[in-house]
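Just so we're on the same page: letters track the sequence lines, and every chain starts at 1.
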Protein chains: 2
Amino acid sequence: MDVLMQTLKIGINEKLYIKDPESSSLGKKIVEESILLIDEIGFEHFTFKKLGARINSNESSIYRYFENKHKLLLYLASWYWGWMEYRMVFDTNGISDPVEKLSKAIEVLTQNVEEDNAFSHINEVVLNKIIINEYSNSYLVKELNDEDKNGYFIVCKRLVSRLSEMIVAVDKTYAYPLSLASTILEGTLHQYFLKEHFPMLTNCNETVTPTHFFTDLIFRTLNLNVNG
Amino acid sequence: MDVLMQTLKIGINEKLYIKDPESSSLGKKIVEESILLIDEIGFEHFTFKKLGARINSNESSIYRYFENKHKLLLYLASWYWGWMEYRMVFDTNGISDPVEKLSKAIEVLTQNVEEDNAFSHINEVVLNKIIINEYSNSYLVKELNDEDKNGYFIVCKRLVSRLSEMIVAVDKTYAYPLSLASTILEGTLHQYFLKEHFPMLTNCNETVTPTHFFTDLIFRTLNLNVNG
DNA sequence: GCAAAAATAATAGTATTACTATCAATATTC
DNA sequence: GAATATTGATAGTAATACTATTATTTTTGC
């Protein structure tokens, strides 16, 4: 990432926070350390009290940024998908061949996540671990009404439709571009999860990556030659 | 289901319960009504106290069957996958053509769930809804040690490897049979979830089913003619 | 049909969670 | 330097996720 990018900010639905955590150093610390703490003890055991103790702040101060821990997880997930979208768009921008473009998009979306220094208070590698392990905790929620859901998951929706459009650009006759796109995104998280926790349920390992599997899958499905 | 089947029982890892719920009428009622209550209020808000009130029994009595609500969900998930496995084996048994066999297996695993009268105290339709909405709550758990995990998820593992073998039988050269099998199972749940909650992220709807999508996907991937 | 054993119910109690409310102490800014 | 905003400390509440104890009911073995 070059210097131009140092003021980049991933836009997040304002309903997800009470006070924008990007607007103060306490807010950034809340986001930064919540990622690490959720990774360490799991979302279920994560509490604002524990986070407060960890950052030498107070439970009540954290509540002034986020309504509850669930909204905080939604915030982190939103950030993650916004970041993925930005990288996908950035890395495929300028590629005119639709096949090459789709191939690159799949690569960005399925490859192992690495640190991005453009966002110093967020550890993308650990955030990725959280998303793999806890993402479904964020959307499996009876509480959310439909209006809110649409707001919270708009990033995800945009990412799926972008990918779906790239699929259509490669094969106009394919009947299930949205389903294929959402399967790739969810399936990638799942393959990484299995690789870590139930390796006998996947062919992914140190040498075979989810990128190999999904690139092959997409190219076979859309009747293209594999050039992954 | 014919009369022969009336004594069928889906085998479940004994570590998942303290006292076998199939062994008493209270136990069966716990299982039966927990499915309905989890569906109604969501797993997060489900408590043994509420369940006790609903079945006119006592919180403490339920604790004698299940250690906690999480183990109960694992029990239900185990039952579900055991039941899916049994139906898949049953319905594909005797089909000798590998392509036809795989096709039938995909159909059983991806189609809309219907009531199975062989198991009177379990509402399979509602159980399926729970699995779609709450399944990942069961395996996203830092608590489980590896030994236990292997015990709890053995059914799932068996189902994935059976499906994977059917894939290999159709195409010995395909490099990712396990990943494809696990993607189908998880992906099916996800497509049903999207169809219900985020219809703009999937092509599945009233007429296009996950069975269509996945049958097409598998047959294209394994270079076969679609005959779904 | 009755005693012993097992299962269930009722009640109480504890530590933790997920907050809300209030007020005091610090920073910030104008 | 006063006014304002932010953060911290403390207390309090209702609900959750249990455990323990004892009472009551049901089952079973003879």
Can you measure [X] atom [atom1] to [N] atom [atom2] for me and round it to whole angstrom units?
X	N	atom1	atom2	answer
A/Leu51	C/dT17	CG	P	13 Å
B/Lys28	C/dT8	NZ	P	12 Å
A/Ile41	C/dT16	CD1	P	14 Å
A/Leu26	C/dT28	CG	P	12 Å
A/Asn56	D/dT7	CG	C1'	13 Å
A/Lys71	C/dA18	NZ	P	15 Å
B/Ile18	C/dA7	CD1	P	13 Å
B/Phe66	C/dT8	CZ	P	13 Å

Salt bridge check: are A/Lys15 and A/Glu67 linked by an N-O gap of less than 4.0 Å?
no

Is the shortest side-chain N/O distance from [X] to OP1 or OP2 of [N] below 4.0 Å?
X	N	answer
B/Lys50	D/dT16	yes
B/Lys49	D/dA17	no
A/Asn58	D/dA9	yes
A/Ser57	D/dT7	no

Of the nucleotides [options], which has the atom closest to the [X] side chain?
X	options	answer
B/Lys69	C/dT17, D/dA17, C/dA9	D/dA17
B/Ser60	C/dT11, D/dT16, C/dT8	C/dT11
A/Tyr63	D/dT21, D/dA9, C/dC19	C/dC19
B/Asn68	D/dC18, D/dT16, D/dG8	D/dC18
A/Lys19	D/dT6, C/dA18, C/dA9	D/dT6
B/Arg64	D/dA17, C/dA9, D/dT7	C/dA9
A/Glu59	C/dC19, D/dC18, D/dG8	C/dC19

Nearest 0.5 Å, what's the CG-CD distance between A/Leu109 and A/Glu85?
10.0 Å

In terms of relative ring orientation, are A/Phe66 and A/Tyr75 parallel, tilted or perpendicular, with 30° and 60° separating the classes?
perpendicular

Which is true for B/Thr47 with a 4.0 Å heavy-atom rule: it touches a base, it touches only sugar-phosphate, or it touches nothing?
sugar-phosphate

Determine the contact category for B/Tyr65: base if any of its heavy atoms lies under 4.0 Å from a base atom, sugar-phosphate if only primed atoms, P, OP1 or OP2 are that close, otherwise nothing.
sugar-phosphate

In a check of salt bridge (Lys or Arg N to Asp or Glu O under 4.0 Å) between B/Arg54 and each of B/Glu33, B/Glu32, B/Glu59, which one passes?
B/Glu33

Over-ring placement of B/Lys69 relative to B/Phe43, 6.0 Å and 45° cut-offs:
yes

Under 6.0 Å from the NZ atom of A/Lys157, do we count more than 12 heavy atoms belonging to anything else shown?
yes

